[in-house]
Amino acid sequence: MDLSLLTYEEGDWTVIAVGGEIDVYTAPKLRDALVDLVNKGRYHLVVDVEQVDFLDSTGLGVLVGGLKRVRANDGGLRIVCTQERLLKIFRITGLTKVFAIHDTVAAATET
Amino acid sequence: MDLSLLTYEEGDWTVIAVGGEIDVYTAPKLRDALVDLVNKGRYHLVVDVEQVDFLDSTGLGVLVGGLKRVRANDGGLRIVCTQERLLKIFRITGLTKVFAIHDTVAAATET
Amino acid sequence: MTQVRLDVLPDAAYVRVARLVAVSMARLSGVDEEVVEDVRLAVGEACGRAVAAHLQHGLVEPVSLSFEGGRGLAASVVDRVGLPAARGHDAVAVLLAASADRPGADVDLVAGDAPAVLALLEGLAQQVEVRTGADGTMVDLRWGTAG
Amino acid sequence: MTQVRLDVLPDAAYVRVARLVAVSMARLSGVDEEVVEDVRLAVGEACGRAVAAHLQHGLVEPVSLSFEGGRGLAASVVDRVGLPAARGHDAVAVLLAASADRPGADVDLVAGDAPAVLALLEGLAQQVEVRTGADGTMVDLRWGTAG
Ligand SMILES: Nc1ncnc2c1ncn2[C@@H]1O[C@H](COP(=O)(O)OP(=O)(O)O)[C@@H](O)[C@H]1O
Ligand SMILES: Nc1ncnc2c1ncn2[C@@H]1O[C@H](COP(=O)(O)OP(=O)(O)O)[C@@H](O)[C@H]1O
């Protein structure tokens with residue numbers, strides 16, 4: 001029912017590992033975490049959604065919002081996702097063209 | 001969502017180990033199993049509800065119906081239950097006075 | 001004020017839907033997880049009773065459930081089987097009398113026998129109010145300080 | 001014929017209740033477990049959109065969802081925000097235009113941006129029908145051969 005967030009550094013990148021449901025109810029928590037990181041000067045973010053069970057359009061909106069914020073600071077926001085269900089959602093909404101989506105945190109933080 | 005039934009012999013007793021939800025939807029399946037056993041001449045039954053997640057009044061009705069059937073043949077129907085939630089339901093409906101409720105299958109089949 | 005209302009056709013299948021909505025509303029209202037199980041069972045019993053009453057009388061209209069959360073939960077279950085008007089213990093007596101001519105627990109039923117159902121409602125809800133009337137029966141269940 | 005109807009006040013919290021009912025109805029209707037996830041998300045999106053529309057226009061009336069099962073599932077989500085009357089692609093255009101002046105995705109919202117929501121409805125339901133009008137908007141979603 002709830003959202004879990006685990007944040008850690010991986011080289012130049014800050015990884016946010018998300019678990020649970022990202023929906024209208026929990027998306028604000030993720031948005032606050034992203035805003036917080038940007039305010040602290042972290043502009044290279046990886047959002048790992050491998051442990052996410054549910055993602056809706058409000059969650060997508062928060063990810064797009066995060067991307068805009070880091071881009072405004074010449075940064076980037078990458079996604080780690082191999083779950084077919086979630087990839088389908090990124091595809092349907094055209095966001096596979098907006099986000100770089102990687103299979104692993106290692107691949108996402110490589111360069 | 002569904003009901004699982006495992007039937008085995010333990011001395012003179014026939015044990016029905018029930019799992020899942022016993023409700024309006026699945027109770028007929030349990031009733032059929034009990035009727036079947038009685039028709040086969042098994043009048044000493046133990047219903048083990050340790051793996052039951054949900055039990056409602058239709059499930060209780062099936063247990064009471066089973067008890068009536070075996071009693072009509074000088075048999076017995078005992079319950080194995082240690083789950084406080086289910087014991088509460090037996091207590092509220094006065095069925096702790098109707099059924100012999102045991103902690104283990106071993107205790108239920110002792111004599 | 002009702003926050004969520006659920007109307008279900010009188011079919012055993014939808015008792016499960018009613019239980020799910022009750023659990024969801026209880027969780028949204030911050031009801032303790034232990035008590036949530038009481039809500040699940042009690043609302044299911046009230047809904048099963050109402051559905052059984054409609055089936056028994058050949059009513060095809062839906063059974064209605066209303067939920068109001070907040071600090072606790074109020075759930076109201078309404079059927080449309082006309083009965084003599086009564087409240088409280090008298091209404092319970094009316095329901096028991098009305099169910100006395102029902103087929104026994106051994107035939108296919110959507111609810112357990114009426115004494116068991118009413119005992120569960122009284123035993124599981126923190127407050128129960130039953131009202132019978134020509135328009136039907138209302139069973140009001142409360143937990144915590146909703147409403 | 002509607003088997004289950006759910007009315008929820010316009011509050012983000014009840015979108016979860018709508019999702020649960022949708023999933024439950026899909027399972028009762030024998031929808032494949034893979035498709036059940038599509039039902040969960042699509043009905044949630046349609047309900048979130050309707051709730052957001054009510055909130056945006058200050059409507060306090062409930063949003064309505066109707067479900068009809070059988071071999072497959074039909075789910076209908078209705079809001080009461082008046083719009084120019086249109087059907088099909090025109091109705092989608094009306095919804096997109098109506099949402100254009102909405103605050104951006106960054107403020108607290110109950111639904112994602114309209115293009116994303118409509119893309120999800122089209123992408124997840126086997127059939128989508130949108131109708132707008134002075135009484136509000138109806139989004140009809142279908143899977144399998146319900147209705
Ligand atoms: N809340 C949202 N949910 C899903 N997709 C969104 C959301 N907001 C924007 N998008 C999508 O993300 C993509 C980029 O959007 P946006 O960042 O607003 O465009 P731009 O970068 O041109 O300003 C578009 O395809 C848009 O539909
Ligand atoms: N469907 C049911 N669900 C729960 N309790 C029931 C059900 N049917 C009967 N009981 C309860 O079981 C007890 C014994 O019922 P019953 O076997 O009908 O009585 P008797 O043995 O006197 O005929 C009573 O307390 C009754 O309320």
Side-chain angles (χ1 to χ4, degrees), chain B residues 1-3 20-39 45 47 49 52-73 77 79 81-99 101, chain C residues 8 10-20 22-23 32-56 63 95-96 99 102-126 128 139:
Chain B
M1 191 121 165
D2 222 1
L3 186 81
E21 303 193 0
I22 314 182
D23 72 349
V24 55
Y25 224 59
T26 58
K29 188 172 160 187
L30 175 59
R31 189 200 47 213
D32 292 351
L34 294 176
V35 168
D36 220 48
L37 288 169
V38 171
N39 287 345
L45 305 180
V47 179
V49 296
V52 168
D53 309 314
F54 183 83
L55 174 67
D56 74 5
S57 64
T58 61
L60 294 175
V62 165
L63 295 175
V64 170
L67 180 65
K68 287 183 186 173
R69 280 197 185 76
V70 294
R71 280 216 183 133
N73 294 282
L77 187 155
I79 308 280
C81 180
T82 61
Q83 289 190 64
E84 190 41 49
R85 271 221 66 71
L86 299 189
L87 291 172
K88 180 176 172 179
I89 294 167
F90 284 110
R91 257 195 314 270
I92 289 174
T93 51
L95 292 177
T96 42
K97 288 175 208 132
V98 174
F99 291 109
I101 300 180
Chain C
V8 301
D11 184 316
Y14 308 134
V15 175
R16 281 193 170 179
V17 178
R19 289 207 305 254
L20 277 177
V23 165
D32 286 348
E33 204 51 35
E34 174 69 12
V35 177
V36 167
E37 290 305 313
D38 292 348
V39 172
R40 183 198 307 273
L41 182 52
V43 172
E45 293 294 328
C47 183
R49 195 208 65 76
V51 167
H54 277 215
L55 292 177
Q56 195 190 346
V63 159
L95 289 186
L96 289 173
S99 70
R102 255 202 17 214
D106 292 351
V107 282
D108 261 34
L109 276 186
V110 174
D113 74 347
V117 169
L118 289 163
L120 285 169
L121 297 180
E122 298 277 352
L124 295 170
Q126 275 162 26
V128 188
V139 174

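Below, chain A is the first sequence line, B the second, and so on; all start at residue 1.
Taking NZ of Lys88(B) as the reference point, atom CG of Asp38(C) lies at 3.5 Å (rounded to 0.5 Å). Arg16(C) contributes atom CZ, which lies 9.5 Å from atom CG of Asp56(B) (distance to the nearest 0.5 angstrom). Annotation: the span from Glu34(C) atom CD to Glu84(B) atom CD amounts to 8.5 Å, rounded to 0.5 Å.
Closest heavy-atom contact between Ile92(B) and Ala119(C): CG2-O, 3.1 Å.
Looking at Glu122(C), there are no atoms closer than 4.5 Å to chain B (heavy atoms on both sides), in backbone or side chain.
Checked options Val117(C), Leu121(C), Leu118(C); the residue passing with Ser57(B) is Val117(C) (criterion: side chain to side chain contact (heavy atoms under 4.5 Å, CB included)).
With sequence neighbours left out, the salt bridge (Lys or Arg N to Asp or Glu O under 4.0 Å) criterion links Asp32(C) to no other residue. With sequence neighbours left out, Thr96(B) forms a side-chain hydrogen bond (donor to acceptor under 3.5 Å, both in side chains) with no residue at all. By the salt bridge (Lys or Arg N to Asp or Glu O under 4.0 Å) test, Asp11(C) is found to be paired with no residue, residues two or more places apart in sequence or in another chain being considered.
Within residues 40-48 of chain C, the residues approaching chain B closer than 4.5 Å by heavy atoms are, in numerical order, Arg40(C), Leu41(C), Glu45(C).
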(message) Show, in sequence, the C-alpha distance, side-chain angles and deciding distance for Glu21(B) and Arg19(C), and conclude whether the side-chain contact (heavy atoms from CB on, under 4.5 Å) test is met.
(response) CA-CA 13 Å; Glu21(B) 303 193 0; Arg19(C) 289 207 305 254; 3.3 Å; yes

